[in-house]
Amino acid sequence: MKVRHLLAIKDLDREDLDEIFALAADMKANPERYGDALHNKTMAMIFEKSSTRTRVSFECAMARMGGHALFLSPKDTQLGRGETVSDTAQVLGRMVDIIMARVFKHGDVVTLAEKSGVPVINGLSDYAHPCQALADFLTILEHKGKFEGLRVVYVGDSNNNVTHSLMECGALLGVSVDCACPKGYYPAPEVVEWCREVGRKTGATFNVIEDPVEAVKGADVIYSDVWVSMGVEHEKEQRLIDLHDYQVNLALFEKAKSDCIFMHCLPAHRGEEVTDDVCDHPRSVIFDEAENRLHAQAALILCLFAAWK
Ligand code: CP
Ligand code: NVA
């Protein structure tokens, strides 16, 4: 892999992605081969926001490979009492081998990468969730056997970290990602512009279609995320009104291709953005996706360490 950090999917190229997916598949099939790969290595995990999957998958990935992970919450560290991200980065870089951070401001993972002197992984920021996209496309490959020519339709709040990384990864892989959302919830214009530019070479297209029924016609994958992301809880009431017509329910799911799969980064707010019958549908792959966080990130960690050698 050519990059030394994973802050956003757009920092990678197709070769990097193929390397991560191939290694992740091998690690999933043959975990015993990697039992000692991170002997004596320590990961610092900074969490400014809640997490189940990201915390557990990184902690288990480190443990399975013979290393270990430290959970650092601003509540219990000096970050919460005003120590700067830059100073924290320089201190952690003297002690740990790799840093993973879930932050409010994307600029904070950039500072960690600039100042720490060790690999840094973005575990979700206001702009991107690259680890989620790696697991998502590993899951798509497992279920569809290919990338090129597929069409993902993301339904709901599209000005969202998960959507942005899904789009950037689709652009590099030749997978079209369309968004079904109302005005005010479009993906960030700079992300759309970058994806369209890359998509001109890979064959992927990126459109916003406000009518969800129109949008999901011909979809190979329908993707959903919460309507109220962490950090925008104060907008909850308005978001539930604005996004009301963008629920992925059985009626909408059945408008897509007959082999369409349902994906969601989780946690799901069942009964809001998605219904139980779609979450638990035979063509829902949400728990494969969650499991693949572990395998994709284990591969990512090894690729990053290799890039620093
Ligand atoms: N999908 C995801 O990142 O889940 P967590 O918030 O539980 O880590
Ligand atoms: N968009 C969601 C993703 C959670 C994994 C959020 O930021 O809260």
Side-chain angles (χ1 to χ4, degrees), residues 6-9 24 43 45-62 69 71-74 99-109 121-140 152 154-169 177 179-181 184-188 191 221-236 239-240 242-243 246-248 262-270 272-274 279 284-298 300-301:
L6 179 65
L7 305 186
I9 292 289
M43 170 182 274
M45 305 190 301
I46 299 171
F47 278 99
E48 289 184 354
K49 303 175 183 178
S50 306
S51 167
T52 298
R53 280 143 290 270
T54 304
R55 177 180 177 178
V56 176
S57 55
F58 273 111
E59 197 158 336
C60 290
M62 290 301 293
F71 175 74
L72 303 173
S73 137
I99 298 171
M100 191 284 305
R102 168 167 285 193
V103 297
F104 284 96
K105 295 198 301 274
H106 185 75
D108 286 345
V109 283
I121 299 173
N122 177 3
L124 182 148
S125 65
D126 51 358
Y127 145 56
H129 196 358
C131 297
Q132 183 65 50
L134 294 178
D136 293 341
F137 279 97
L138 178 63
T139 310
I140 290 175
V152 176
Y154 178 95
V155 181
D157 170 24
S158 308
N159 186 7
N160 169 310
N161 39 25
V162 169
T163 327
H164 293 155
S165 295
L166 196 70
M167 291 171 64
E168 291 178 357
C169 210
V177 182
C179 297
C181 60
Y185 295 86
Y186 280 32
V191 174
V221 177
I222 293 182
Y223 199 113
S224 172
D225 183 14
V226 290
W227 289 341
V228 186
S229 283
M230 292 179 280
V232 295
E233 288 83 358
H234 56 285
E235 298 174 5
K236 180 172 179 178
R239 283 171 168 263
L240 296 193
D242 295 344
L243 292 158
Y246 293 84
Q247 182 186 67
V248 182
F262 174 70
M263 301 183 73
H264 192 304
C265 57
L266 301 180
H269 283 198
R270 289 169 177 246
E272 284 182 16
E273 78 278 1
V274 61
C279 271
S284 163
V285 300
I286 57 177
F287 298 116
D288 292 347
E289 228 182 318
E291 179 190 335
N292 280 337
R293 293 292 304 276
L294 172 65
H295 307 300
Q297 290 160 196
L300 169 68
I301 294 166

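This structure is a prediction, so every number in the text was calculated from the model and none was measured. Whatever order the structure lists them in is the order used to number ligands and atoms, beginning at 1.
Annotation: atom 4 (C) of ligand 2 to nearest protein heavy atom, Leu124 CD1, 3.9 Å. The nearest heavy-atom contact from the protein to atom 7 (O) of ligand 2 is Asn161 ND2, 2.9 Å.
Near ligand 1, residues Ser51, Thr52, Arg53, Thr54, Arg102, His129, Gln132, Cys265, Leu266, Arg293 come within 4.0 angstrom through at least one heavy atom.
Side chains of Ser57 and Gln297: a donor on one and an acceptor on the other come within 3.5 Å. Inspection of the Glu291 and His295 side chains reveals an N or O donor paired with an N or O acceptor under 3.5 Å.
The backbone N or O of Pro74 sits nowhere less than 3.5 Å from a side-chain atom of Glu48 that would complete a donor-acceptor pair. Formation of a donor-acceptor pair under 3.5 Å by the Thr139 side chain with backbone atoms of Ala135 is found in this model.
Note that the SG atom of Cys265 and the OH atom of Tyr223 stand 4.5 Å from one another [nearest 0.5 Å]. Between His264 atom NE2 and Ser284 atom OG the span is 10.0 Å, to the nearest 0.5 Å. Here Phe58 contributes atom CZ and Leu294 contributes atom CG; the two are 10.0 Å apart, rounded to the nearest 0.5 Å.
Below 4.0 Å from some heavy atom of Met230 lie the following atoms of ligand 2, by number and element: 6 (C), 7 (O), 8 (O).
When the options Val177, Ile9, Asp126, Val191 are evaluated for a side chain to side chain contact (heavy atoms under 4.5 Å, CB included) with His164, the one that passes is Val191.
In terms of polar-atom proximity, defined here as any N/O pair under 3.5 Å, His129 makes no such contact with ligand 2.
Of the candidates Asp225, Val232, Val162, Val228, Asp225 brings a heavy atom nearest to atom 1 (N) of ligand 2. One option in Asp157, Asp126, Asn160, Leu266 has a heavy atom closer to atom 5 (C) of ligand 2 than any other, and that option is Leu266.
Side-chain atoms of Thr163 and Asn159, non-hydrogen and from C-beta on, never get closer than 4.5 Å to each other.
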